[in-house]
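Computed over heavy atoms, backbone and side chain alike; hydrogens, waters and symmetry mates excluded. Letters A, B, ... are given to chains in the order of the sequence lines, protein chains preceding strands, and every chain is numbered from 1.
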2 protein chains.
Amino acid sequence: MTRWSPDAALRLEEAALLLFERQGFSGTTVPQIAQSAGLTTRTFFRHFVDKRDVLFLRDREFPDVVGAALTGAPENLTGIELVKAGLLNAAVELEAWREPILTRQKIIASDEQLRERELLKREHLAEAVGKALRHRGINAGDCDLLAHTGTVIFDLSLKRWLYAPDSPSLPQVMTMAWADLERLLEGP
Amino acid sequence: MTRWSPDAALRLEEAALLLFERQGFSGTTVPQIAQSAGLTTRTFFRHFVDKRDVLFLRDREFPDVVGAALTGAPENLTGIELVKAGLLNAAVELEAWREPILTRQKIIASDEQLRERELLKREHLAEAVGKALRHRGINAGDCDLLAHTGTVIFDLSLKRWLYAPDSPSLPQVMTMAWADLERLLEGP
DNA sequence: CTAGTGATGACATTACGTGTCATCAGGGTA
DNA sequence: TACCCTGATGACACGTAATGTCATCACTAG
């Protein structure tokens with residue numbers, strides 16, 4: 001294709017994951033990552049806005065994908081049904097990636113700066129979901145509440161699924177979490 | 001008391017807010033803030049872990065206060081009642097501070113790095129709430145779900161209250177948001 | 001009077017992140 | 001073939017954030 005390997009971002013991500021596992025996040029410098037991938041520091045920052053960003057390469061398209069799924073969902077669905085269906089659909093796609101996601105999650109959990117970035121990514125997901133709901137004509141005052149509630153369920157379920165010793169499928173965990181929330185809110 | 005003004009952190013916060021409003025967050029340097037407060041850069045970083053932290057000085061005790069309120073709440077409350085009551089109680093305390101909170105919120109909204117930190121603070125609140133719920137003997141599997149749902153309601157309500165042209169009280173907004181969520185989850 | 005405490009100043013240093021220009025392979029066009 | 005254009009990268013300089021370390025000096029306790 002070009003004179004350079006076309007996968008600079010992927011090579012940087014791979015090198016970063018390896019170094020983060022061995023030396024920790026804060027114990028690894030960007031020049032180390034770049035050199036390990038055969039590139040320069042400047043090129044690292046062309047592909048990632050900052051050092052933390054390299055751990056979230058796989059999340060870039062996620063909000064748009066989920067948003068598109070919501071926008072293209074069947075008619076006659078309520079807001080809550082849309083959110084459930086859209087996030088459940090995304091959960092199915094993740095099912096095959098448990099191991100690499102778990103590896104990454106352990107790195108994120110080890111550093112508060114990374115947890116912070118993870119929360120921002122969750123917020124971006126919530127914004128995409130909220131936007132899609134508005135686009136579908138859902139009652140405007142409810143969109144943000146639905147979107148944020150959905151991403152909370154999604155996030156909690158993802159972690160239960162990752163860390164559960166005997167793990168049921170992610171969609172199953174999510175469905176159970178929705179049921180839990182409904183039970184809790186309806187009262188005794 | 002001491003040879004120095006005892007309110008170094010407060011003076012730094014005041015100077016920072018002024019500069020952020022005039023020049024923006026990224027357009028202001030830490031040396032500027034420190035000099036404006038009559039202190040050195042090194043002292044700034046003794047009071048705040050990083051540049052962003054100066055905007056969240058008022059939030060430091062908040063999770064612990066809410067957690068203590070939950071721990072000391074009346075007996076015989078369910079998990080959901082505890083969360084509602086605890087956050088409603090916190091909302092009452094905030095009622096008098098609408099203007100300064102709004103000022104700060106506008107700065108936060110202007111910079112993604114600050115929104116990111118805000119999300120981390122929200123997460124700390126959720127952790128404190130979850131911990132208090134566990135301490136109260138609430139069903140362990142429900143605590144995180146309740147805590148995160150509560151903080152989502154709290155956060156959305158706070159922003160509605162801040163930006164509503166005709167603002168009902170924050171507790172009122174929160175109560176309405178809880179009712180909205182219950183209605184949405186119970187379905188038609 | 002003296003020793004100890006604690007917040008600050010002063011200085012050095014590392015690492016993050018950005019601006020800018022040069023380089024060079026491949027693709028399109030005449 | 002010859003030419004220009006595009007885009008990703010390298011090389012270099014630079015400002016800023018953030019931390020480690022030691023010195024300073026008012027206040028306090030005894």
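If you measure from atom CD of A/Gln35 to atom P of D/dA11, you get 12 Å, rounded to the nearest angstrom. Straight-line distance from the CG atom of A/Asp50 to the P atom of C/dC16: 11 Å, rounded to whole Å. To the nearest angstrom, P of D/dA18 lies 9 Å from CZ of B/Arg117. Note: CZ (B/Arg42) to C1' (D/dG20) measures 7 Å, nearest angstrom. Atoms CZ (B/Phe48) and P (D/dA17) sit 15 Å apart, rounded to a whole Å. Rounded to an integer number of Å, the gap from A/Arg46 CZ to C/dT23 C1' is 12 Å. At whole-Å resolution of the value, CZ in A/Phe45 and C1' in D/dC14 are 14 Å apart. Going from atom CZ of A/Phe25 over to atom C1' of C/dC16 covers 10 Å, rounded to whole Å.
Picking from D/dT9, C/dC16, D/dA17 the nucleotide with the shortest atom distance to the side chain of B/Pro31 gives D/dA17.
Nucleic acid contact for A/Gly38: sugar-phosphate only, since backbone atoms but no base atoms lie under 4.0 Å from a heavy atom of the residue. In this structure, A/Thr28 reaches the sugar-phosphate backbone alone: every heavy-atom distance under 4.0 Å involves primed, P, OP1 or OP2 atoms, never a base.
To the nearest 0.5 Å, atoms NZ (A/Lys159) and CD (A/Gln105) are separated by 5.0 Å.
Around atom CD of A/Gln35, no more than 12 heavy atoms belonging to other residues, nucleotides or ligands sit under 6.0 Å away. The 12-atom threshold is not exceeded at CZ of A/Arg58, counting heavy atoms of other residues, nucleotides or ligands nearer than 6.0 Å. Heavy-atom neighbours of A/Glu14 CD from other residues, nucleotides or ligands within 6.0 Å: at or below the threshold of 12.
With DNA chain C read from its 5' end, the first of the two nearest nucleotides for B/Thr41 and A/Thr41 is the one closest to B/Thr41.
Taking side-chain N and O atoms only, A/Thr43 has no distance below 4.0 Å to OP1 or OP2 of D/dA8. Between A/His47 and D/dA8 there is no side-chain N or O to OP1 or OP2 distance below 4.0 Å.
Test B/Leu146, B/Leu184, B/Leu181 against A/Leu185 for side-chain contact (heavy atoms from CB on, under 4.5 Å) and you get one pass: B/Leu181.
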